[in-house]
Amino acid sequence: MLGEVVIMKGNEAMAEAAIRAGMDGYFGYPITPQSEVIEYLAREVPKRGGVLLQAESEVAAINMIYGAGGAGARVMTTSSSPGISLMQEGLSYIAGAEIPCLLANVNRAGPGLGTIQPGQCDYLQTVKGGGHGDYHLIALAPASVQEMFDFVYLGFELAEKYRNPAIILTDGALGQMMEKVELKDEKLPKPDISWASTGKGKRKERNVITSLYLQPEKMEVINHNLQKKYKEIEENEQRWETINTDDAEYLITAFGLSARIAQKAMDILREEGHKVGLFRPISVWPFPKKGLSPLLDKVKAVVDIELNAGQMIEDVELVNRGRVPVKFYGRMGGMIFSPDELVDFFKKEVL
Amino acid sequence: MKEGYELIYERPKSLIKVHNHYCPGCTHGVVHKLLAEVIDELGIENETIGVAPVGCAVLAYDYIDVDWQEAAHGRAQALATGIKRMHPDKYVFTYQGDGDLAAIGTAETVHAANRGENILVVFINNAIYGMTGGQMAPTTLEGQKTSTSPYGRVIDDMGAPVKIADMLALLPKTYYITRQTVADVKGVRAAKKALKKAFEYQKAGKGYCLVEFVANCPSNWKMTPIQSFEWTKENMFPYYPLGDVKTPEE
Amino acid sequence: MAKGYIEFDYEFCKGCELCIQACPVNTLVLTTKMNKKGYRLVEDAEGKCTGCASCALVCPDAVITVYRQKKAS
């Protein structure tokens, strides 16, 4: 049965999904181009239940998430690039203390204050950890408003399953874009929070949420346990989409907004008789090696397309290990390539 | 117990019996003990969540037998906000030093206070960074020598010592702000009453309470514990006067 | 004057001497005895303890337990 279908912005879709999924609390700070999330929640949460608080900064917001998540609540925050940078300290603590929570980065182009136009230049920050220490966020990259909605559910599920922060890596264009969304009408089941700091209650043992272990022997064990968890996530949670890869001689790798535009370019090239396929990572961490690797034995070349200076290409190359040539096309600073621009690049540099 | 005698004082139940890492004569121990006594007396050990700072009290969670969270430096009141908003029926307190609360965490402190978060903030002001080895704190007194103000704090260069309790008292949503000491028996008794009152206010949903302790740091002040209390009385009390800074309008 | 006595949990004592200073009847002294950590220990040398608990209140390490003679009823 089809759920209710509405037209909404990507940012609003994330907010609506959070309420429907059973989010207990949202702590955030306004920043363009994601402020619609907190604005939507500010209208809806008082009517539909839950906690919403506008923090004094992104630093405070992520630490409120740390506190509330550590106290067993299903919590979320969203921001955009400069704000996400401010959250890195808190994220490192959250990852170290193994607190589930969901973030979204509605990426704008940097560095610095940059611009409010969309970009994908926070890819490496997102997938390699971002803050200090050896850790990972579970990172999902939607390419439609529907996926912005769906990945809030998936993000909460994965965060709670692995007690790990999850992040939706999207961008200003998808955040502002209005599209059709089929809404789900289900609440996620309450996770086990026996580990959380909720007050001892009837527990005999108290719970302490911390990432501090002064003895190196102990801290190494903590690290080994984290790495074991990350291996398990890499094993179980790689997600990707392939289009026209069965007969592809050339493969495009692109995520999020870039993949949408690349898909259009692929269609044009196909119409002209070029066998081009598309590989779209959905989980950007864990990177979908399992999906990509077999394709690299079949194609003549890869073209990696991103709205940055070439970041995901590093992960593509790590899977490729020199098997086929990998070319890169990107735009920066908030500029977005057109399908025709990509087709031209293909014709000049690849075919 | 000898026959014909009664128990007058014993270690509070909620103070976990382990060796703590504090230096001899450090007032952290007394404040921990008072918190444990108050938690015991109110019978709230199963409904209390503490938030530990970064600083000497970073391991406070090893010593008081309640649930805890360990915050990043300065962020304790943001964590406490998150916890309390999710569990308004639980008791939530932070335990923070001067660097944590009044330097790196000033924004979190001011805004938690401004929102009138229904939490207790226990503030240890010993005018120095203890854990990192005696550097200047926001509350270091004029002329006071530390490892980063080796010729004494110069106000024209380094700013004046911050009276954060007085600053917070100006905010309309703060409820009870008081400055206490544990440098003598009288002080200990008064401080315990203040802590208890703050927990009771929290139960009644009154909002933001801060109990500041004008405290010591014998190791980094390079004094014996007894000298450190004499120094506290002579130098700290005139600038940080004891007593209630803001009391509730009943 | 009430009569009292105190017990020290010596292994937790750090010899900071704050109890000695707090005692209103000056009955506590620092001895040359040491605990395992090498801290010098305090005793009620004079036997004048009144059970007022001042020493216990200021003790940062909560090592002192205080007893006082019951009042004749």
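No experiment lies behind these values; they were computed from the predicted model shown. So you know, we letter chains A, B, ... as the sequences are listed, proteins then strands, and number each from 1.
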query: With distance as the sole test, does A:Arg206 use its side chain to make a donor-acceptor pair with the main-chain N or O of B:Ile64 at under 3.5 Å?
result: yes
query: Shortest non-hydrogen contact from B:Met86 to A:Gly25?
result: CE-CA, 3.2 Å
- prompt: Distance-only, no hydrogens or angles: does the A:Tyr66 side chain make a donor-acceptor pair with backbone N or O of B:Ala78 under 3.5 Å?
  reply: no
field: Distance, nearest 0.5 Å, that separates CD of B:Gln77 from CG of A:Asn63
entry: 12.0 Å
query: Taking NZ, NE, NH1 and NH2 as the nitrogens, is one of them in B:Arg115 or A:Glu56 under 4.0 Å from a carboxylate oxygen of the other?
result: yes
- prompt: chain B heavy atoms under 4.5 Å from A:Ala61: which part of the residue, side chain, backbone, both or neither?
  reply: neither
- line: Scored by heavy-atom pairs under 4.5 Å with chain B, the best of A:Val51, A:Ile62, A:Ile209 is A:Ile209
- request: Give a yes or no on whether A:Ile116 atom CD1 has more than 12 heavy-atom contacts from other residues, nucleotides or ligands under 6.0 Å away.
  value: no
- prompt: For atom CD of A:Glu186, is the number of surrounding heavy atoms from other residues, nucleotides or ligands below 6.0 Å larger than 12?
  reply: yes
message: Can you confirm whether more than 12 heavy atoms, excluding those of A:Glu220, are under 6.0 Å from its CD atom?
response: no
- prompt: Heavy-atom count around A:Lys190 NZ within 6.0 Å, excluding the residue itself: above 12?
  reply: yes
Which portion of A:Leu214 sits near chain B, non-hydrogen atoms under 4.5 angstrom: side chain
- request: State, yes or no, whether a side-chain contact exists between A:Val59 and B:Glu108 at a heavy-atom distance under 4.5 Å.
  value: yes
statement: Looking only at B:Ile44, B:Ile49, B:Val58, B:Val54, the option with the highest number of non-hydrogen pairs under 4.5 Å against chain A is B:Ile49
- request: Quick one: pull up OG1 in A:Thr210 and CG in B:Leu59 and give me the separation to the nearest 0.5 Å.
  value: 8.0 Å
query: Which distance, rounded to the nearest 0.5 Å, do you find between the OH of B:Tyr61 and the CG of A:Asn207?
result: 13.5 Å
query: Quick one: what part of B:Ala71 sits under 4.5 Å from any heavy atom of chain A, side chain, backbone, both or neither?
result: backbone
- prompt: Side chain of B:His111, backbone of A:Ala55: donor and acceptor closer than 3.5 Å?
  reply: no
query: Does a salt bridge link B:Arg75 with A:Glu89, judged by any charged N lying under 4.0 Å from a carboxylate O?
result: yes
- request: Would you mind checking which part of A:Leu53 comes under 4.5 Å of any heavy atom in chain B, side chain (CB onward), backbone (N, CA, C, O), both or neither?
  value: side chain
statement: In this structure, CD of B:Glu70 is separated from OG of A:Ser197 (nearest 0.5 Å) by 11.5 Å
- request: Mark yes or no for whether A:Lys200, through its side chain, and B:Asp65, through its backbone, hold a donor-acceptor pair below 3.5 Å.
  value: yes
message: For a quick test of reading the model, state the closest non-hydrogen atom pair linking B:Asp67 to A:Thr198 and the distance between them.
response: OD2-N, 3.1 Å
query: In terms of heavy-atom contacts, does CG of A:Asn225 have more than 12 from other residues, nucleotides or ligands at under 6.0 Å?
result: yes
